[in-house]
Amino acid sequence: MNNRQIAEIFESIADLSEMKGQQRYTIVAYQKVARTIGQWPVELEQMVHDKEDLKEIPGVGDAIAKKIEQLVTTGKMESYEKLRAEFPDGMLNVIRVPGVGPKTAKQLWDNLGVSTVEQLGEAARDGSLAAVPRMGEKKAGAIVRALESRRVSDGQAPIAVAMPAADRAVAALREICPSIRKLEIAGNLRRYEETTERIDLICVASDPSEVVEALTEMANVAEVVGGGGTRASVILSDGVQLDLRLVKDHQFGALFQYFTGNEQHNGLLREHAQNMGLSLSEYGITNTSTNESAQFEDEASLYERLGLQFIPPELREGNREVDAAKEGLIPRLVETGDLKGDLHVHTDWSDGVASMVEMVEAAQSKGYEYVAITDHSSGRGIANGLTEERLRQHGAMLGRIQENTPGITLLHGSEVDIRANGTIDYPDEVLQELDWVVASVHSAMDQDSTVMTERIVRAMRNPHVHAIGHLSTRLIGERKLISADFEAIFEAAAQTGTVLEINASPERLDLKDSHVSMARELGVVLAIDSDAHRVETLGNQRYGVGVARRGWCEPRHILNTLPLADFMSFLRMDKSERSVLVAAHV
DNA sequence: GCCGTTTTCGGCCCGACTGTTTTCAGTCG
């Protein structure tokens, strides 16, 4: 049972407890611990197995620790089973319908016997719901609409869709509306979460109605959901919802912070404020004894007033960032501008669409000092993978381009297949001629965990393999991660000196954020690679940087922040010593 | 149910919106 599943059980316990009318703070305790567990980097199952103290987890005390141990060791939690037996199974789904919470669900069950989402829909339509105390026609209508819109989309847009859509909207509004002074993307998109429910924009403008109007009339708006005054909500043609809020200059800092979230981070910040005798809200900070209030034009001054280091959005997850900021321990995270090269790039020699010259020129114009051209190996027949003969021609061609392109160092590379048994589909004699070898899994992705782990570790032991590409092979929203013992893989990567790629393609983001954290802590050298197949996607590095930042990576954790000379000495090092150089580079 | 530079007891994050109410409960972010 993984952490996500355990977290869901505690969420359910919170909901059921609320229906039962338990103490409010008991419920809050369960809700809090559910969120913490959902993001906890180490599997609780593993912790119990290793006899680690679960009470190290914030929000876990004696009672919850016992419940977790029982759940993990026996597969069942007695108190949860008992609680669940008190209500029909479908009730938990009823609670998940927007606008319906535990209290409403309980009341509808008591009064109407509603215990499933279907019955809820019926009761809302046939008028019986409206007759229940504290319910009414409008409430019924809202539930009907919620159920319908849920059918249309159970709406998580991948960042690959949402971020470009947000960028386009921002650019369009800025062009149409001269009165805009500030316009920023907020919400989880700003935190570079991999999927989002909607795009949040926060705007300061001298003429708010101009901006609201411009948004609702924008060409790619499919539907206007709400709006007027200082806010608007639309559905874009690609199905993503976009909410725009207009605020005053002096409100911007607190509101931008508030709407960036996440909820847990904001909660921690408010607790911290309270300990200082202050009350924080989306409108500013009030001194609870003097009643004096302060407002903020930007986020930095708000964090400063709270005695905290500025916390970059990517770290605002409600984990340890507020404590770290108190101590001044927020690191200087890696930035796009730190990248000195790209180590995973395709051309039309395999499945890319641009020529080698075009990709090299594009890399150079990004200011890179080096770039590895890594077309596919022969195993990728479908991707026009290179035979050994074509690989030699590929290298010769790159050499000729190098002669005419003195400003950037070109590395002859390859993205080689890791075969099902862990061997590489070029022989060692060929691999050792290459400057840079990225090995990736592209086939037999459904192997069981033990086989897959051994397969990848075997590839990492190959002395000519520099890096592993998109380790988990997932495609966000489409294909799951491989099953493997990732911790064992990270340990082997550190031990063998194999670089792990953070594939920046927004469809992949692989390693994902929590894996980046774990790998970094285990001393793995990471690289941020675009895996570009066309000129424009070289710019995808921003997504990889976002993931790296979510994993608390500094420049020193990322290989391709090294300047050319240091990078070349990294390549000359014995593989087993490679972890050292990047860690030492600050 | 958790937790401690006020506390082993007594607190525990804030505000808007909606729909139902004549002052507020529930839900959401």
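Residue numbers begin at 1 in each chain, while the letters A, B, ... track the order of the sequences.
Phosphate contact (OP1/OP2 of B:dG1, side-chain N/O of A:Gln23, threshold under 4.0 Å): absent. Checking the phosphate oxygens (OP1, OP2) of B:dG26, a side-chain nitrogen or oxygen of A:Lys103 falls inside 4.0 Å. At the phosphate of B:dT27, OP1 or OP2 sits under 4.0 Å from a side-chain N or O atom of A:Thr104.
One C1' atom belongs to B:dG29, the other to B:dC13, and the distance between them is 13 Å to the nearest Å. To the nearest whole angstrom, the two P atoms, one in B:dG26 and one in B:dT21, are 13 Å apart. Rounded to whole Å, the P atom of B:dT27 lies 14 Å from the corresponding atom of B:dT20. Taking the C1' atom of each, B:dG1 and B:dT8 are spaced 15 Å apart, rounded to whole Å.
The CG-C1' distance, from A:Leu306 to B:dC14, rounds to 14 Å in whole Å. Atom CE of A:Met135 is separated from atom P of B:dC24 by 19 Å (rounded to the nearest Å). For the pair A:Leu268 CG and B:dG29 P, the computed distance is 19 Å after rounding to whole Å. For the pair A:Asn266 CG and B:dC12 P, the interatomic distance rounds to 19 Å; values are reported in whole Å. The distance from atom NZ of A:Lys138 to atom P of B:dG26 is 20 Å, rounded to the nearest whole Å. Whole-Å rounding puts the A:Phe256 CZ to B:dG29 C1' distance at 17 Å. In this structure, CD of A:Glu137 is placed 18 Å from P of B:dT18, rounded to the nearest angstrom.
A salt bridge links A:Arg96 to A:Asp15: at least one charged side-chain nitrogen sits closer than 4.0 Å to a carboxylate oxygen.
Residue A:Tyr25 and nucleotide B:dC12 are classified as a stacked aromatic pair, their ring centres being separated by less than 5.5 Å at an interplanar angle below 30°.
One side chain, A:Gln241 or A:Asp243, offers a donor N or O that lies under 3.5 Å from an acceptor on the other. No side-chain donor-acceptor contact under 3.5 Å links A:Gln264 and A:Asn319.
To the nearest 0.5 angstrom, A:Ile502 atom CD1 is 10.0 Å from A:Gln541 atom CD.
Across all strands, A:Thr26 comes closer than 4.0 Å to base atoms (heavy-atom distances).
Below 30°, between 30° and 60°, or above 60°: for A:Tyr303 and A:His265 the angle between ring planes is between 30° and 60°, a tilted geometry.
With a cut-off of 3.5 Å on both Watson-Crick or G-U wobble distances, the partner of B:dC9 is given as B:dG4.
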